[in-house]
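I have placed the structure first, in the form of structure tokens, so that the comments after it can refer back to it.
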Amino acid sequence: MNRIDAPGRFAPVTPAPHKKDADYVFHELTRSICPECRRSIDAQIIFRDNRVFMRKRCPDHGEFETHVYGDADAYVRFSRYNKPGTIPHQFATEIDRGCPHDCGLCPDHQQHACLGIIEVNSTCDMDCPLCFADASPGFNLSLEEVEQILDDFVRTEGQPEVVQFSGGEPTVHPRIIDFIRAAYARDIKFVMLNTNGKRIAKDERFVEQLAEVRPAFYFQFDGFESETYRILRGEPDILEEKLRALDRLAAANLNVTLVPAIERGVNEHEIGRIIDFAIEHPAVRGINFQPAFHAGRHADHDPLQRMTIPDVVALIEAQTAGKFVASDFVPVPCCFPTCNSVTYAFIDDGAVIPLPRIINVDDHLDYITNRVVPDLSMDIRKALEGLWSSSSVPGSETSFDQIVASCEACGLPTGFDIEDIADKLIMIMLQDFMDPWTFSQKNVMKCCKEFLLPGGKQVPFCAYNSVGYREQARAQLTAQEPERRQARAEGRAYEPKPIHFEFPRR
């Protein structure tokens, strides 16, 4: 083919090169932050090789790409579990700068607080290389501050479902038993203590006090190998101490959820062994596997190789010889569906029977198609909604009641005594928190796990640890510590000071 180059003249035409398809599929646009300066920027969610990635560009720091979910098909399929949010009774801030800089909670937030977290101190008796709280000496909240925080939680929630005391290491706070009592005094059903177990292993009198107030325990437990604990916790010989703490909690008939942080190249090969241990140990009622997220203090990492929930689920299936498979895990619908997955299983004489194999959980929690199940009573539906919720506490009386109601709909496996279910039930949850590399505004707007602060503010977990809230709160709470000490020395009540946040407008 020729083209006319000038009147009466022809010139050869060079064929245009063939167009090429991109090696990815663009799925959606969200807002994220720059991992360097934390400014809000657009972010693309793309699919490549059935994995989900986030791609974003900061005007000052260039382009970033990170792995956010290990199964693109599931990422799309699970969207049907995105149930409507529940609105809290009150909001604490107004909409001004826009998400994620108006926490909180502001009226743009799409979910109430299923779980409220109170960091009672910044001090810890460990110095873990992996620590999203970047724990170090700084502040210890007063009883007056904690009571005010709890009162604000009741004001916004009516009857809060779960409060968790965290830190630092909350067990080293001299008033931690009083804090637990204060929570129960406000009719908060479930009180959890987030701990590394060190004081429990060493202090028998403290265990006796815990047996009196009876919190549930959120227990740091990353595996069994010395190298795992050397890399993640800086203490290669800590396992025996952790096992001693768990045995003491079992002797006190207290319930534990193990919390392993799973880091690629460190301890992913120990997942099956952790599950086997949890099934056998009398104190353990659940496991919450958390793919390591890189906020606060952490080692260098490759964001393109980040562990995600589907990666951990695949390892569970591979390492448990069929006891658990991917289809046993169902997204938690109160937050964004790719943030949490959970299953429950009956354990009887070594047999493991995941609940989703004996009841069609998908039918009961499908809020998009809203299929009608003729034999599904409202009580059973509420029971299943409670179990597949971020506020579910394994081993609690309510958890037991919910399981009983669910099983009445499907029939218990042969040989099960309904009164003995609590001792034969284990929960396995997977929780994927976002860091500055993976942060998505879409997800954080549905977050149901909030840090509770003096003055009434509630900040979603991933915003608190990624956007800059933690640093501002830590500075203010630490600056107030001399006044707390003076109030204690003078024997007077401390007057709580509200926490304020400021972010630059860009």
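Everything numeric here is computed off the predicted structure, so don't read it as measured data.
- In terms of modelled atom types and a separation under 3.5 Å, the side chain of Gln111 and the main chain of Thr86 share a donor-acceptor contact.
- Distance alone, capped at 3.5 Å, is enough to place a donor-acceptor pair between the Ser466 side chain and the Cys462 backbone.
- Taking both residues in full, the closest heavy atoms of Asp311 and Gly70 are given as OD1-CA, 4.0 Å, listed atom of the first, atom of the second, then distance.
- Remark: the Ser136 side chain and the Arg474 side chain contain an N/O donor-acceptor pair separated by less than 3.5 Å.
- Here the side chain of Arg38 pairs no donor or acceptor atom with the backbone of Ile33 at under 3.5 angstrom.
- Side-chain atoms of Glu270 and Thr228 include a donor-acceptor pair closer than 3.5 Å.
- The environment of CD in Glu280 is sparse: at most 12 heavy-atom neighbours from other residues, nucleotides or ligands sit within 6.0 Å.
- The one candidate from Asn267, Leu258, Ile262 that meets the side-chain contact (heavy atoms from CB on, under 4.5 Å) condition with Asp222 is Asn267.
- Here the options are Phe293, Phe439, Phe336, the test is ring pair (Phe, Tyr, Trp, His ring centres under 6.0 Å), and the partner is Phe433; only Phe293 passes.
- Checked for salt-bridge contact, Asp125 and Arg199 miss the test: no charged N lies under 4.0 Å from a carboxylate O.
- Counted by atom type alone, Thr156 and Gln458 present one or more donor-acceptor pairs between their side chains at under 3.5 Å.
- Using a 4.0 Å cut-off between a side-chain N of Lys or Arg and a carboxylate O of Asp or Glu, Glu235 and Arg233 do not qualify as a salt bridge.
- The minimum heavy-atom distance linking Val162 with Phe153 is given by the pair O-CE2, 3.7 Å.
- Of all heavy-atom pairs spanning Ala113 and Glu450, the tightest one is CB-CG, 3.4 Å.
- Considering only heavy atoms from C-beta on, Ile275 comes within 4.5 Å of Ile279 through its side chain.
- A side-chain donor-acceptor contact under 3.5 Å links Glu263 and His294.
- Using a 3.5 Å distance cut-off with no hydrogens or angles, the side chains of Glu144 and Gln148 do not pair a donor with an acceptor.
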message = The test is ring pair (Phe, Tyr, Trp, His ring centres under 6.0 Å); show your working for Phe461 and Phe132 and say whether it passes.
response = CA-CA 11 Å; Phe461 187 100; Phe132 68 84; 5.2 Å; yes
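- Judged purely by atom type and a 3.5 angstrom limit, Arg285 has no side-chain atom pairing as donor or acceptor with the backbone of Ile426.
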message = Set out, in order, the CA-CA distance, both residues' side-chain angles and the distance that settles salt bridge (Lys or Arg N to Asp or Glu O under 4.0 Å) for Glu495 and Arg484, then state yes or no.
response = CA-CA 9 Å; Glu495 184 68 29; Arg484 291 190 195 92; over 6 Å; no
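- The two residues Ile200 and Leu210 come nearest to each other via the heavy atoms CG1-CD1, 4.0 Å.
- Note: Leu150 CG to Glu145 CD = 12.0 Å, rounded to the nearest 0.5 Å.
- Side chains of Gln220 and Thr195: a donor-acceptor N/O pair is absent below 3.5 angstrom, by distance only.
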key: Audit row: Asp276, Lys323, salt bridge (Lys or Arg N to Asp or Glu O under 4.0 Å) steps and yes/no   = CA-CA 10 Å; Asp276 289 340; Lys323 290 178 184 175; 3.0 Å; yes
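- For the residue pair Gln431 / Lys449, a side-chain donor-acceptor distance below 3.5 Å is found, with atom types taken as modelled.
- Centroid-to-centroid, the aromatic rings of His67 and Trp437 stay 6.0 Å apart or farther.
- Taking the six-membered ring for Trp and the full ring otherwise, the centers of Phe289 and Phe329 sit at least 6.0 Å from each other.
- Between Tyr469 and Phe503, the distance from one ring center to the other falls under 6.0 angstrom.
- Using a cutoff of 4.0 Å between basic side-chain nitrogens and carboxylate oxygens, Asp127 and Arg297 are scored as salt-bridged.
- Counting only N and O atoms by type, the side chains of Gln159 and Asp187 include a donor and acceptor under 3.5 Å apart.
- In this structure, Tyr229 has its ring center no closer than 6.0 Å to that of Phe224.
- Look at Lys198 and Glu241 and you find a salt bridge, because one of the NZ, NE, NH1 or NH2 atoms lies within 4.0 Å of a carboxylate O, short of that distance.
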request  = I would like to know whether His109 and Asp102 meet side-chain hydrogen bond (donor to acceptor under 3.5 Å, both in side chains); could you show each step before the answer?
outcome  = CA-CA 10 Å; His109 198 73; Asp102 290 333; over 6 Å; no
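- In this structure the side chain of Pro160 reaches within 4.5 angstrom of the side chain of Ile188, judged on heavy atoms.
- When all heavy atoms are compared, the tightest approach of Pro356 to Thr343 is CD-OG1, 3.4 Å.
- For the pair Lys242 and Phe219, the cation-pi criterion (under 6.0 Å, within 45° of the ring axis) is fulfilled.
- No side-chain donor from either of Asn465 and Asp435 sits under 3.5 Å from a side-chain acceptor of the other.
- A salt bridge is absent between Glu240 and Arg244; no separation between the charged side-chain nitrogens and carboxylate oxygens falls under 4.0 Å.
- The heavy-atom pair separating Pro454 from Lys497 by the smallest distance is CB-O, 3.5 Å.
- For the residue pair Gln472/His500, the side-chain donor-acceptor check at 3.5 Å is not satisfied.
- Side-chain atoms of Val213 and Gln209, non-hydrogen and from C-beta on, never get closer than 4.5 Å to each other.
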